[in-house]
Visitor: 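Dumping the structure here so I can ask a few things about it.
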There are 2 protein chains.
Amino acid sequence: MSKQQEKSQQTRHELEAAAIRLFGQKGFLETSIAEITSSAGYSKGSFYRHWESKGELFLQIIEDKLKSYREQRDGQHPKARDLDEAMGAIWDFLETIIDDNDWSRIFLEFTMHATRNKALRQALNQGAYRLSNELFASLVGEHVDSGYPPEKIGALNTALFEGFLIHSALGTGVLNKTDVRRAALLLARSNALKSNAE
Amino acid sequence: MSKQQEKSQQTRHELEAAAIRLFGQKGFLETSIAEITSSAGYSKGSFYRHWESKGELFLQIIEDKLKSYREQRDGQHPKARDLDEAMGAIWDFLETIIDDNDWSRIFLEFTMHATRNKALRQALNQGAYRLSNELFASLVGEHVDSGYPPEKIGALNTALFEGFLIHSALGTGVLNKTDVRRAALLLARSNALKSNAE
DNA sequence: TGTACATCAGTGAACGCGCGTTCACTGATGTAC
DNA sequence: TGTACATCAGTGAACGCGCGTTCACTGATGTAC
């Protein structure tokens with residue numbers, strides 16, 4: 001790699017790091033390009049040598065985040081022996097997202113934004129920017145003996161998870177991670193296992 | 001009331017109605033004042049005779065919506081005889097919000113926005129712009145015999161509810177109202193009743 | 001009932017501001033010979 | 001190794017646009033006498 005390329009890549013990384021920090025702190029709309037570049041020690045114009053627009057950088061960061069979450073997930077738990085283990089694996093994973101405080105908020109905001117944008121909405125529903133549905137179905141699916149559709153169990157689990165993210169973002173402090181995990185497990189058991197069925 | 005006052009009030013109502021429709025369709029940021037006034041058949045400047053800012057109108061609309069939800073709620077179910085009835089009453093109420101499609105989305109967005117604003121966050125946590133927590137605690141509280149904190153049951157129920165709103169807004173269609181209601185009941189039972197406790 | 005003046009509702013052009021994006025430019029690095 | 005030129009990274013002033021807000025103005029309504 002030439003000296004120029006090295007310099008360019010270095011700059012790109014510095015700008016990206018500043019953007020990750022600022023987007024996380026203040027959100028997409030509230031973070032300006034001038035803030036990103038000046039906080040990294042560059043001029044406003046330098047941004048456009050590296051990305052075509054602010055939105056492009058944001059999407060790239062989101063994709064990178066998801067990729068790293070996914071890698072973390074796939075490296076873990078290869079298979080679970082029963083429902084409790086499957087749910088444990090899922091929530092170990094979800095907790096890493098919960099712990100990435102700033103960014104779980106951004107993901108929620110992004111999800112809400114996608115709500116109004118057809119292309120993004122499809123991307124989310126197909127899992128491109130979403131972590132969940134197929135995972136739940138495949139991990140939990142084989143441990144369902146009640147006949148209840150696994151994708152519904154997955155969707156309910158996601159609902160509980162995302163609802164908890166809202167709760168956390170508001171900082172009410174009534175619930176903690178253990179509470180939701182436990183609740184999610186109870187819910188999955190009630191729906192998935194014959195012995196708990198109504 | 002004088003002729004002038006009548007005219008003014010009429011205009012105010014027409015602007016408000018246009019705003020409710022447009023905010024609901026497109027959200028707060030994406031709706032401009034020019035759109036509101038021209039869609040109601042007035043000029044841009046007329047807006048400021050009725051409200052100080054776009055934000056003020058938005059908050060007023062939200063407050064009105066919540067007030068009407070609350071009135072509807074309070075008119076209904078005076079008391080429940082057991083947990084199932086209490087949950088039934090709560091979800092009858094929540095379903096009216098779910099059915100107000102556009103606005104349940106707006107409430108979510110508003111909630112997410114409040115996340116970044118201290119004053120709003122406090123207002124939400126104190127229930128000013130939120131529907132839920134004390135209601136659940138008071139309605140469900142007396143039917144908990146497991147010792148599990150009623151406010152946690154309420155918060156988990158809210159999480160499931162708001163997570164479902166996200167799910168609906170994305171239009172995946174995996175879950176319907178009946179699914180969540182049922183799930184919420186299962187969850188509440190598991191947590192509130194001794195016989196279902198682990 | 002009429003007149004003079006004040007107040008009000010609504011108009012629409014103009015202002016101001018933030019901010020994303022562009023662009024002509026500079027100095028450093030790379031390339032051809 | 002040196003020279004001439006091309007290409008690149010980064011600069012920062014300027015542009016453009018949308019949009020919330022202001023303001024001088026008009027015509028209608030209200031008030032005082």
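What's counted below: heavy atoms across the whole structure, side chains too, no hydrogens, waters or symmetry copies. A, B, ... follow the sequence lines: proteins, then strands. Residue 1 opens every chain.
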Visitor: Return the 5'-most residue of the pair B:Gly41, B:Gln4 with respect to DNA chain C, ranking by each residue's nearest nucleotide.
Guide: B:Gln4
Visitor: Rounded to the Å, how far apart are B:Ile33 CD1 and C:dT11 P?
Guide: 15 Å
Visitor: Would you mind reading off the distance between B:Gln9 atom CD and C:dG10 atom P, rounded to a whole angstrom?
Guide: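 In whole Å, C:dG10 P lies 12 Å from B:Gln9 CD.
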Visitor: Among C:dC8, D:dT21, D:dG10, which is the nearest nucleotide to the side chain of B:Lys54?
Guide: D:dT21
Visitor: Does C:dC33 have a Watson-Crick or wobble mate here (both distances under 3.5 Å), and if so which one?
Guide: D:dG2
Visitor: Would you mind classifying the nucleic acid contact of A:Tyr48 as base, sugar-phosphate or nothing, using non-hydrogen atoms under 4.0 angstrom?
Guide: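 Base, at least one base atom sits under 4.0 Å.
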Visitor: Between B:Glu14 and B:Gln10, is there a side-chain donor-acceptor contact under 3.5 Å, judged purely by atom types and distance?
Guide: yes
Visitor: From the list C:dC19, C:dC8, D:dG10, which nucleotide is the closest neighbour of the side chain of A:Ser43?
Guide: D:dG10
Visitor: In whole Å, what is the span from the CG atom of A:Leu57 to the C1' atom of C:dT21?
Guide: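 Spelled out: CG on A:Leu57 to C1' on C:dT21 is 15 Å.
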Visitor: Without decimals, in angstroms, what is the distance between B:Glu52 CD and D:dT22 C1'?
Guide: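 The distance from CD of B:Glu52 to C1' of D:dT22 comes to 13 Å, rounded to the nearest Å.
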Visitor: Could you tell me the separation between the CH2 atom of B:Trp51 and the P atom of D:dG20, rounded to a whole number of Å?
Guide: 14 Å
Visitor: What is the distance from CD of A:Glu35 to C1' of C:dG18, rounded to the nearest Å?
Guide: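 Interatomic distance, CD of A:Glu35 to C1' of C:dG18: 11 Å.
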Visitor: Of the listed nucleotides (C:dC8, D:dG10, C:dG30), which one gets closest to any side-chain atom of B:Arg49?
Guide: C:dC8
Visitor: Pick base, sugar-phosphate or nothing for A:Ser46, based on heavy-atom distances below 4.0 Å to the nucleic acid.
Guide: base
Visitor: Closer than 4.0 angstrom, basic N to acidic O: yes or no for B:Lys26 and B:Glu35?
Guide: yes
Visitor: If you find the nucleotide of DNA chain C closest to A:Lys3 and the one closest to A:Phe47, which residue's nucleotide is nearer the 5' end?
Guide: A:Phe47
Visitor: Both distances below 3.5 Å, Watson-Crick or wobble geometry, any strand: find the nucleotide opposite C:dG12.
Guide: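 Answer to the pairing question: D:dC23, which forms a Watson-Crick or G-U pair with C:dG12.
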Visitor: Between the side-chain atoms of B:Lys44 and the base atoms of D:dT21, is any donor-acceptor pair under 3.5 Å?
Guide: yes
Visitor: Is a salt bridge present between B:Asp84 and B:Arg189, judged by a nitrogen-to-oxygen distance below 4.0 Å?
Guide: yes
Visitor: Using both distances under 3.5 Å as the test, list the Watson-Crick or G-U wobble partner of D:dA28, or none.
Guide: C:dT7
Visitor: For the side chain of B:His167 and the backbone of A:Ala155, is there at least one donor-acceptor N/O pair under 3.5 Å apart?
Guide: no
Visitor: What is the separation between atom CD1 on A:Ile36 and atom C1' on C:dT21, rounded to the nearest whole Å?
Guide: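 Result: 14 Å.
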Visitor: For a quick test of reading the model: is some side-chain N or O of B:Thr11 closer than 4.0 Å to OP1 or OP2 of C:dA9?
Guide: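 For C:dA9, OP1/OP2 do not have a side-chain N/O of B:Thr11 under 4.0 Å.
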Visitor: Please name the residue in the list A:Phe23, A:Phe107, A:Trp51 that meets the ring pair (Phe, Tyr, Trp, His ring centres under 6.0 Å) test with A:Phe58.
Guide: A:Phe23
Visitor: Choose from D:dG10, C:dC8, C:dT11 the nucleotide whose nearest atom is closest to any side-chain atom of B:Tyr42.
Guide: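 It is C:dT11.
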Visitor: With nearest nucleotides of DNA chain D determined for B:Glu30 and B:Ser2 from heavy-atom distances, which residue corresponds to the more 5′ nucleotide?
Guide: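 The residue whose closest nucleotide sits nearer the 5' end is B:Glu30.
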Visitor: Round to the nearest Å and state the distance from B:Glu6 atom CD to C:dC8 atom C1'.
Guide: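 Rounding to the nearest Å, CD of B:Glu6 and C1' of C:dC8 are 15 Å apart.
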Visitor: With distance as the sole criterion, is a donor-acceptor pair present between the side chains of A:Arg49 and A:Thr11 under 3.5 Å?
Guide: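 Distance-only check fails for A:Arg49 and A:Thr11.
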Visitor: Tell me whether the side-chain N/O atoms of B:His50 come closer than 4.0 Å to OP1 or OP2 in C:dG10.
Guide: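 Result: yes.
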